[in-house]
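Notes for the one structure printed next.
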2 protein chains.
Amino acid sequence: MPRNNRRGSPWWQGQLRGCGLRVTLGRKAILDVLTRAEKHLSAEDIYMRVHPLCPSVGLTTVYRTLEVLVNMGLVNKMVFGDGRAWYELAAGPRKERHHHHLICTKCKRVIDYTDFIDEELEFLKKAEKGLSKKYHFDITNHEIQFNGLCEKCRSS
Amino acid sequence: MPRNNRRGSPWWQGQLRGCGLRVTLGRKAILDVLTRAEKHLSAEDIYMRVHPLCPSVGLTTVYRTLEVLVNMGLVNKMVFGDGRAWYELAAGPRKERHHHHLICTKCKRVIDYTDFIDEELEFLKKAEKGLSKKYHFDITNHEIQFNGLCEKCRSS
DNA sequence: GTTTATGCAAACTGTTTGCATTGCT
DNA sequence: AGCAATGCAAACAGTTTGCATAAAC
C-alpha cells in the first residue's frame, strides 16, 4: 500500500476528514507510527514512539485516538491472554499485512505467521457465509490464534 | 463426558491429585460450577455461583484456582475485546463443547457457534502440522473469532 | 505435623473519564 | 468564532500479591 497519494498527503488524511474528524498533530504522529510498525503495538508502545516526535501527545490521546481509529475500521484492536490491548493497521484477508498468531502459554510470546492464507480463505469463505446467514451477523473481520508452547518453552 | 467415574468421584479428582494438588472444598465447588456451566464464565460469575454453595470461598481463591486449572489444561481462559477474562472447561476439537465465537464490535455480545467443525478440522490439521514444523511450536489449542455486527446492531 | 490453600486488605496495571484549555477548520 | 481534541489528574475495573490463618494430607 503506497504511503502517500499523488499530492503527498498520507493515505489516511482523506479517511479522517471523510468522517468529519480533524487532522491533528497527534493523530498524524500516531498513524505514522502505526504505518511504520512491523508488528502489533500496545498503547504504551505507541506512546513511547510518538512522544519523542511530538512531546505534547499524552497517553490519554493515544487511547482516545486508537478508539476512534478502531471504530473507523482503520485499526484492529486485539487482546491476548494477558488482558492488554494490541493495535495494528487493519488489512483485508488478501493483503500483505494479513496474519495470525501463535501464543506461547508459558512465556506469553506472540509469533505472527502468514502461512496458510489460501487454505484459510477457503475455510473462512464457507464459514462466514454460513454464519452470517444462520446468526444474521455481518462479519467484518476474523482472528485465529493457536495456543501452545514455543520452541524455547517446550524444551525446558 | 460422564460427570463421575465408577466410584462416584468427579472425573477431575484424579487429575488434581495426579498433579500433587489438594482436593479442597473451594476447588470442588469451582469445578462443579464449571462443569454445569452452559457457556464461558467470568471470574466474577464463578464467584457468584460458588459463593451461595460455599460461602467461605472468596474471589481470590477463584482466581488462584482458575490459574491452576488453566495451567493444567483443564480449563481454557480467553479474553475478548473488553480485556476481561472468560473461562470454560477445555475440550478437544471433536468434543461436544468445542465451539468458537462471534463478537459484536458494537454491543460486545459474544455468540457461541458450533458449526463448521468438520471444515475447520480439515484446515486446522494442515495448519497445525505446518506451523509446528516451521516454528517448532507445540500447538495444544486454538481459538477462532469472527468480529462484526450482530443482528440487533446492524439494523440500528 | 507439615505443607499447601485460603481470606482479607492492600497494591497494581491498563484503561477511562471530568474538566479546564488548546488548536483545527 | 466555534467546536472538536487534548493534557492532566483522578477514578475505575479486573486481577494479583503479602501475610497471617485454616485445612488437606
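For the numbers below, each heavy atom of this structure counts, side chains included, while hydrogens, waters and symmetry mates do not. Residue numbering restarts at 1 for every chain, and letters A, B, ... go by the order of the sequence lines.
A sub-4.0 Å separation between OP1 or OP2 of C:dT16 and a side-chain N or O of A:Y63 is absent.
If you find the closest nucleotide of DNA chain C to A:A85 and to B:V62, the one lying nearer the 5' end belongs to B:V62. Place B:W86 and A:T60 on DNA chain D by their nearest nucleotides, and A:T60 ends up nearer the 5' end.
Listed by residue number, the members of residues 14-29 of chain B with any heavy atom below 4.0 angstrom from DNA chain C are B:L21, B:R22, B:T24, B:R27.
Summarising the geometry, the separation between CG on A:D82 and P on C:dC12 is reported as 19 Å, rounded to the nearest angstrom. Whole-Å rounding puts the A:L59 CG to D:dA10 P distance at 16 Å. Atom CD in A:E67 sits about 8 Å away from atom P in C:dT17, given to the nearest Å. Atom NZ in A:K108 sits roughly 14 Å away from atom C1' in D:dT16 (whole-Å rounding). In this structure, A:I30 places its CD1 atom 12 Å from P of D:dA5, rounding to the nearest Å. Summarising the geometry, the separation between CZ on A:F80 and P on C:dG14 is reported as 16 Å, rounded to the nearest angstrom. Atoms CG (A:L66) and C1' (C:dG14) sit 13 Å apart, rounded to a whole Å. A straight line from CZ of B:R64 to P of C:dC8 spans 12 Å, rounded to a whole angstrom.
Salt-bridge formation is detected for the pair A:K134/B:D115: a Lys NZ or Arg NE/NH1/NH2 atom is positioned less than 4.0 Å from an Asp or Glu carboxylate oxygen. Using a 4.0 Å cut-off between charged side-chain N and carboxylate O, B:K108 and B:D82 make no salt bridge.
Donor-acceptor pairing under 3.5 Å is recorded for the side chains of A:D45 and A:S42.
Once rounded to the nearest 0.5 Å, the distance linking CD1 of A:I46 with OH of A:Y63 reads 9.5 Å.
No more than 12 heavy atoms of other residues, nucleotides or ligands shown are found within 6.0 angstrom of NZ on A:K129. Residue A:K95 qualifies as open at atom NZ: its count of foreign heavy atoms under 6.0 Å is 12 or below.
The distance between the ring centers of B:H142 and B:F123 does not fall below 6.0 angstrom.
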